[in-house]
Amino acid sequence: MIDFASELNEQQFEGVRAIDGPVLVLAGAGSGKTRMLTYKLAYLVYEVGVPPYSILAVTFTNKAAREMRQRVEQLLEVNLSNAWVGTFHSMCGKILRKSGEAIGIPRDFVIYDADDSVQLVKEVISDFGLDPRSLEPKKIAHAISALKRKLISPDEFLERAKTPAERTIAKIYARYDELLRKAKAVDFDDMISLVVRMFRTRSEIRQRYSEEFQYILVDEFQDTNESQFAFLRELTRTHQNITVVGDDDQSIYSWRGAQLRNILDFPKYYPGCKIIRLEKNYRSTAHILETASVVIAHNRMRHAKRLYTTAPAGERVKLVRAPDDYAEARYVVQRIVDLMDEGIPAGEIAVLYRINALSRLFEQELRQRGIPYVVVGGVGFYERAEIKDILAYIRLLVNPADDVSLRRIINTPRRGIGATTVQAIAELAESAGVSMYEVISSGEPLPIRPKQRKSIEAFVELIEDLKTDIDSVLPSVLIQEIVERTGYVRQLMEEDSIQARARIENIGQLVAAAQEFESQSDEPTILNFLGSVTLMTDVDRWKKGEDVVNLMTIHAAKGLEFEAVFVVGLELGVFPLTRALQDDEQLEEERRLFYVALTRAKRFATVTYTIQRSRFGSVEELGRSPFIDELPQDKLDVVDLVPEGSIVFRSVEYARSREEVYDSRYSPGIVVWHPFFGKGVVMEVRGAGERTIVTVDFPNFGRKKLVAKF
DNA sequence: CCACAGGCCCCGACG
DNA sequence: GGGCCTGTGG
Ligand SMILES: Nc1ncnc2c1ncn2[C@@H]1O[C@H](COP(=O)(O)OP(=O)(O)OP(=O)(O)O)[C@@H](O)[C@H]1O
């Protein structure tokens, strides 16, 4: 049915056939690592006869998992729905649901996302009477997350804590975990670390899974963290049939705890593993590949890799300098129009940026020119307030112990239940050792004012009503009931703003997503819906087939490919970010990010930067990214959008042509930034065009008259 | 005791 | 540009 040898090159095929023992595939971008892994899955099922449920394949996103599964189903014409293909989180979540009771995790646990975790940390901090301003909940939540990824328990951390600050964190961590367990909740990091802990304390369970998963395949191994690797090592204590593929040059998730060490040390943990290198790039033209290779060669902490292509040289990589961010967006969108005219499908075009904030102008410009597009990522769909509100209702319905969700919705929409009342309820719950919902639903009269008491009673009644058919109702129907009964949409309609309308639309999309879930799942229960939703990412919702221009961060573009790629905003402080400038390791990660961006392109790659960019309400001159200078200048096609002979905005010619921008940008009261004087406030603007004189008040240097010279 | 407006501050990538 | 906190008015 399949001729593996003709679909793969020799090295790939070698990796596919190596089914006994550990295999490490270390290879550059576009060399066919994912393809190899996909075919290996097919090979194991088809040639070796391994039952699909005996294979564990781990991918980076759910979407990648879906693609791998579909691809293999196509190849083999079989149904693979019982194979374990998914992300670490979804696989571990599944294991935890099945077997977690052994370590005291109830079957119906809910998953707290990063935002929920921060909320919970906040609660703990105020419970302890600590000052949330000096402690910064977000940072503490991060610290806890880092500890969990390193499999360090609160007790262990307390033991080794040296400074008072560390002891405080240890205390918060301990209490945080306690509250999670009380709320029958696990956070993202728990999903992995609890499974590892279970495997370590209950060897018979480990044994069972280890036997079940006869073969393990892992994609994007360079971005795994300590607990994920530990999970894999636990599973391979009886057999060592594990194949991992990755590229150290594409490790871009260190901030999430990914450790390059995992891929570099793999041979140490699996002595005698087979190491395979793939050196032929099947994705990009020679020009693009060459440019990317030159850039990444500037990194010192890496394994040099050979990567060649037999593809034609193709077009040169374009380097575009734009006077400002508006010009940049206009140029890119014009090029997109041109490419589409030449027959490149919109879906094969991507604009990639370092930070989400950069998407705005491109969206505006695309909208104005009537080109369909999609923004992948950003404030993720499932992180939007209205979506989280609705989901919090559902979570409270299935799990009354969930205090974080209760807090979120007890006064959403407004019901006259404020902070004071919530605090009172929390204290009652605390002293009685029960959940907040138990306190308010017990029927006992609460020691609060009559008005609030009435509101609370109405709220409890509402929740109880919604609860009646919770076991049988479909998720989509439940959402509609919630929206109706709570008056959520009604309130938004009354508000009648653009934002409110967008929110109503989002809720509509949530219903649609629920319906889709119902049609796909063989068990469309509320609990399963919640589980799938929390682990869903924006990339997962993204449908490439839709044939619209794609806007996304470089992180989100990992593993994808497009005919044409625009990498924008190559400026100091944006890409690389300011914080990465002082630290070699971070700077190298930024460079890897640039490498990932360039290597997404099959035929056309364009890199852009601007002289001036508006950020945080002011205009800044950031200076170009050092990465620009690392490009092979003689191989580029340089495009300068700044008028000839001018040093940009300082120039007379340029200023004259841009009076309107001038006038609107430098008006009294706005904050500006100067490379030498720093931030200042515009006091007065006189004249126009070349003679514009702006008086600016700089906190540290006093008032300066400047000839439009920022 | 709650809601809302306005001022403040800060600002990265995400399962 | 926006989330969070504070102060004020209801
Ligand atoms: N042997 C092959 N013959 C033809 N095309 C191939 C072969 N191997 C890979 N390709 C194609 O090359 C492209 C890149 O492959 P793939 O995505 O598997 O690479 P990768 O190494 O995982 O890339 P990256 O690390 O950059 O995400 C895909 O379009 C794939 O179909």
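We name chains A, B, ... by the order of the sequence lines, and we start the count at 1 in each one.
Atom P of nucleotide B/dG12 and atom CD of A/E571 are separated by 17 Å, given to the nearest angstrom. For A/E588 and B/dA13, the CD to P distance is 23 Å, given to the nearest whole Å. Straight-line distance from the NE2 atom of A/H142 to the P atom of B/dC11: 12 Å, rounded to whole Å. As a whole-Å value, the separation of A/R592 CZ from B/dA13 C1' is 13 Å. Distance, A/K138 NZ to B/dC14 C1': 12 Å, rounded to whole Å. Distance OH (A/Y253) to C1' (B/dG15): 9 Å, rounded to an integer number of Å. For A/M191 and B/dC14, the CE to C1' distance is 15 Å, given to the nearest whole Å. Counting to the nearest Å, the P atom of C/dG3 and the NZ atom of A/K388 are 14 Å from each other.
The same atom, C1', is picked in C/dC4 and in B/dA13; the two are 23 Å apart, to the nearest Å.
Taking 4.5 Å as the limit, some side-chain heavy atom of A/R408 sits within range of a side-chain heavy atom of A/D115.
Under the 4.0 Å criterion applied to side-chain N and carboxylate O atoms, A/D219 and A/K33 are not assigned as salt-bridge partners. A/R302 has no carboxylate O lying under 4.0 Å from a charged side-chain N of A/D247, or vice versa, which leaves the two without a salt bridge.
A/K558 meets the salt bridge (Lys or Arg N to Asp or Glu O under 4.0 Å) test with A/E220, A/D223; sequence neighbours excluded.
More than 12 non-hydrogen atoms from other residues, nucleotides or ligands lie less than 6.0 angstrom from CD of A/Q364.
Between A/N356 and B/dC11 there is no side-chain N or O to OP1 or OP2 distance below 4.0 Å.
For the pair A/W255 and B/dA13, the ring geometry qualifies as stacking, because the centroid separation is below 5.5 Å while the planes lie within an angle under 30°.
Using a 4.0 Å heavy-atom criterion, one finds that A/L577 contacts the bases of the nucleic acid, with or without backbone contacts as well. At a threshold of 4.0 angstrom between heavy atoms, the contacts of A/F88 with the nucleic acid are absent.
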Can you give one letter per nucleotide of nucleotides 1-8 of chain B, going 5' to 3': B for a protein heavy atom under 4.0 Å from the base, S for sugar-phosphate only, - for none?
SSSS----

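Separating the CZ atom in A/F199 from the CZ atom in A/F231 is a distance of 5.5 Å, to the nearest 0.5 Å.
Remark: A/R97 is positioned above the aromatic ring of A/F109, its terminal NZ or CZ atom under 6.0 angstrom from the ring centre and at most 45 degrees off the axis.
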